[in-house]
There are 2 protein chains.
Amino acid sequence: MSLELLRKLANSMMPLPNHEWEALAACWHPVQFKRKEVITVAGEVEKYLYFVNAGVQRLFCLEGDKEATLLFTYTGSFSGIMDSFQLQQPSSAYLETLTASDMLRMSYTDFDRLTLQYPTIERWVRLGTVAALSGLLERHKELLSFTAEQKFRKLLTRSPHVLQLIPHKYLASYLGIDPATFSKLLGTVKL
Amino acid sequence: MSLELLRKLANSMMPLPNHEWEALAACWHPVQFKRKEVITVAGEVEKYLYFVNAGVQRLFCLEGDKEATLLFTYTGSFSGIMDSFQLQQPSSAYLETLTASDMLRMSYTDFDRLTLQYPTIERWVRLGTVAALSGLLERHKELLSFTAEQKFRKLLTRSPHVLQLIPHKYLASYLGIDPATFSKLLGTVKL
DNA sequence: AGAAAATCTTGGTGCAGATCAACATTTTAT
DNA sequence: ATAAAATGTTGATCTGCACCAAGATTTTCT
């Protein structure tokens with residue numbers, strides 16, 4: 001069980017004192033998932049916080065018969081349905097793997113104990129949550145004001161690597177456009 | 001300076017011990033703003049956390065020459081640019097009043113001291129932030145999958161009161177649709 | 001109260017992008 | 001290695017909604 005990536009991310013957010021880090025590190029347990037496996041179902045309460053050691057996952061909602069992809073998580077990032085986990089309320093989203101995934105997870109019981117016991121960890125979690133909020137606000141702005149082409153271009157410049165990593169139909173769903181439109185836009189830019 | 005509404009909201013989120021509540025209460029200072037006043041400008045770091053005793057405000061971004069309204073704040077809710085405030089990073093949004101507003105505010109210095117000194121308050125802030133994240137995710141889903149009409153109807157059922165409270169052009173901007181379209185949709189439902 | 005500014009309504013037009021469909025290509029499973 | 005399933009491409013059509021514009025109405029300021 002490798003905590004290397006996690007430690008790196010943790011330090012970049014806000015360095016934790018040794019004692020806190022050790023308490024935190026002790027609470028993670030390894031889990032593996034196959035490709036296309038649904039980890040959490042909408043309506044359930046998220047029981048775990050995940051950290052991705054390898055693989056790609058996506059978080060999405062069902063609205064009628066359409067899927068709306070909220071975000072992707074990758075090797076080296078946290079994963080899970082954050083609001084459902086922290087508030088222990090039913091989730092409105094699904095979490096599934098896109099590739100076979102090697103992850104660490106922490107139960108809510110441990111999480112709750114850690115945050116109550118160590119103010120530094122409580123703060124660390126808050127700052128992580130705010131960072132997530134900040135990113136979501138940024139995307140929100142784009143959804144409100146960008147055309148399909150603008151959203152597409154922004155994706156290309158911000159994270160070109162996802163083109164190879166993630167099936168285009170999910171990227172289209174992430175941008176809120178039709179897969180066919182995504183494919184056509186791709187054609188205009190490749191030349 | 002009335003802390004009544006604030007206390008009510010605080011208790012509904014997570015009751016604070018008396019001592020913490022008093023420390024918190026001591027940090028708020030009253031401010032008034034006129035109608036249409038810009039409180040925080042994009043690019044600046046948000047210096048204050050606000051609580052609304054009376055009035056309506058909106059948070060928006062400029063994208064080219066278009067405005068995208070991210071959210072409204074009302075009497076009895078917190079206000080301010082949360083991510084910029086908590087991370088003390090430049091904001092990408094503006095905060096302005098829609099009506100003359102009677103608010104309380106707390107400086108970042110006090111906020112930071114309080115959260116470091118009182119773990120209960122740190123936790124209280126975290127849970128508030130997660131709740132905000134949760135609401136934003138819900139809206140995000142709608143932006144990704146709803147048509148103009150669906151977004152409009154959802155607004156009507158969820159918060160019909162805003163129709164009288166907020167100029168329709170801002171509601172349109174909040175939904176990411178054209179003001180003229182909003183007006184036409186309104187015509188179809190009134191009959 | 002009256003003038004000025006802001007907002008709302010309504011009709012007409014155009015186009016970005018959804019939808020449909022058939023085929024090509026890539027990926028996965030056995 | 002091969003079949004089967006999933007994903008991507010491309011063209012043709014159709015439509016929801018943005019855009020424009022002019023007049024009506026409401027709200028704000030002095």
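Just so we're on the same page: letters track the sequence lines, and every chain starts at 1.
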* To do: Check whether more than 12 heavy atoms from other residues, nucleotides or ligands sit under 6.0 Å from atom NE2 of A:H161, and answer yes or no.
  => yes

* Taking atom CZ of B:R153 as the centre, does the number of heavy atoms from other residues, nucleotides or ligands within less than 6.0 Å exceed 12? -> no

* Residue-phosphate contact under 4.0 Å: B:H168 side-chain N/O, C:dT7 OP1/OP2 -> no

* Can you sort out which residues in residues 54-69 of chain A have a heavy atom within less than 4.0 Å of DNA chain D? Ascending by number, please. => none

* Asked: Passes ring-ring contact (aromatic ring centres under 6.0 Å, His included), A:F60 versus A:Y174? Steps please.
  -> CA-CA 9 Å; A:F60 69 98; A:Y174 177 76; over 10 Å; no

* Asked: So B:T120 and B:E20, side chain to side chain donor-acceptor pair (under 3.5 Å) or not? Walk me through it.
  -> CA-CA 8 Å; B:T120 324; B:E20 271 83 348; 3.2 Å; yes

* Helical bend (five base pairs per end, nearest 10°) for the helix from C:dA1-D:dT30 to C:dA22-D:dT9 -> 60°

* NZ or CZ of B:R105 within 45° of B:Y48 ring axis and under 6.0 Å -> yes

* **Integer-rounded Å distance: D:dC29 P and B:K36 NZ** => 11 Å

* To do: Determine, for nucleotides 20-30 of chain C in 5'-to-3' order, which nucleotides have protein heavy atoms under 4.0 Å from the base (write B), from only the sugar-phosphate (write S), or from neither (write -).
  => --------S--

* To do: Figure out the CG/P separation between A:L185 and C:dG17, and round it to whole Å.
  => 7 Å

* Is a salt bridge present between B:D112 and A:R123, judged by a nitrogen-to-oxygen distance below 4.0 Å? -> yes

* Does the side chain of B:E142 reach to within under 4.5 Å of the side chain of B:K154, using non-hydrogen atoms? -> yes

* Please report the C-alpha distance between A:L49 and A:Q86 in whole Å, then the side-chain angles of each, then the deciding distance to 0.1 Å, and finally whether the side-chain contact (heavy atoms from CB on, under 4.5 Å) criterion is met. => CA-CA 9 Å; A:L49 172 66; A:Q86 290 195 51; over 6 Å; no

* Separation between CD of A:Q150 and CG of A:L185, rounded to the nearest 0.5 Å -> 11.0 Å

* Asked: Atom CD of A:E149 and atom C1' of C:dG17: how far apart are they, to the nearest Å?
  -> 12 Å

* Report the distance from atom NZ of A:K169 to atom P of D:dT9, rounded to the nearest whole Å. => 14 Å

* Asked: Rounded to the nearest 0.5 Å, how far does CZ of B:F51 lie from CH2 of B:W28?
  -> 8.0 Å

* To do: Nearest whole angstrom, please: distance from the P of D:dT26 to the CD of B:Q164.
  => 14 Å

* Structure fact -> Among C:dT7, D:dA18, D:dT7, the one nearest any side-chain atom of B:Y170 is C:dT7

* **Atom-pair distance (CG on A:L175; C1' on C:dG17), nearest Å** => 13 Å

* Asked: Is the count of non-hydrogen atoms from other residues, nucleotides or ligands lying under 6.0 Å from A:K36 atom NZ greater than 12?
  -> yes

* Can you check the A:L171 CG to D:dT9 C1' distance for me, whole Å? -> 16 Å

* **Options C:dC8, D:dA18, D:dT7, nucleotide nearest the side-chain atoms of A:P167** => D:dT7

* Asked: Rounded to the Å, how far apart are B:L186 CG and C:dT7 P?
  -> 16 Å

* A:T181 vs C:dG17: side-chain N/O to OP1/OP2 distance below 4.0 Å -> no

* Step by step, would you call A:Y108 with A:F85 a ring-ring contact (aromatic ring centres under 6.0 Å, His included)? -> CA-CA 7 Å; A:Y108 181 73; A:F85 178 72; 5.5 Å; yes

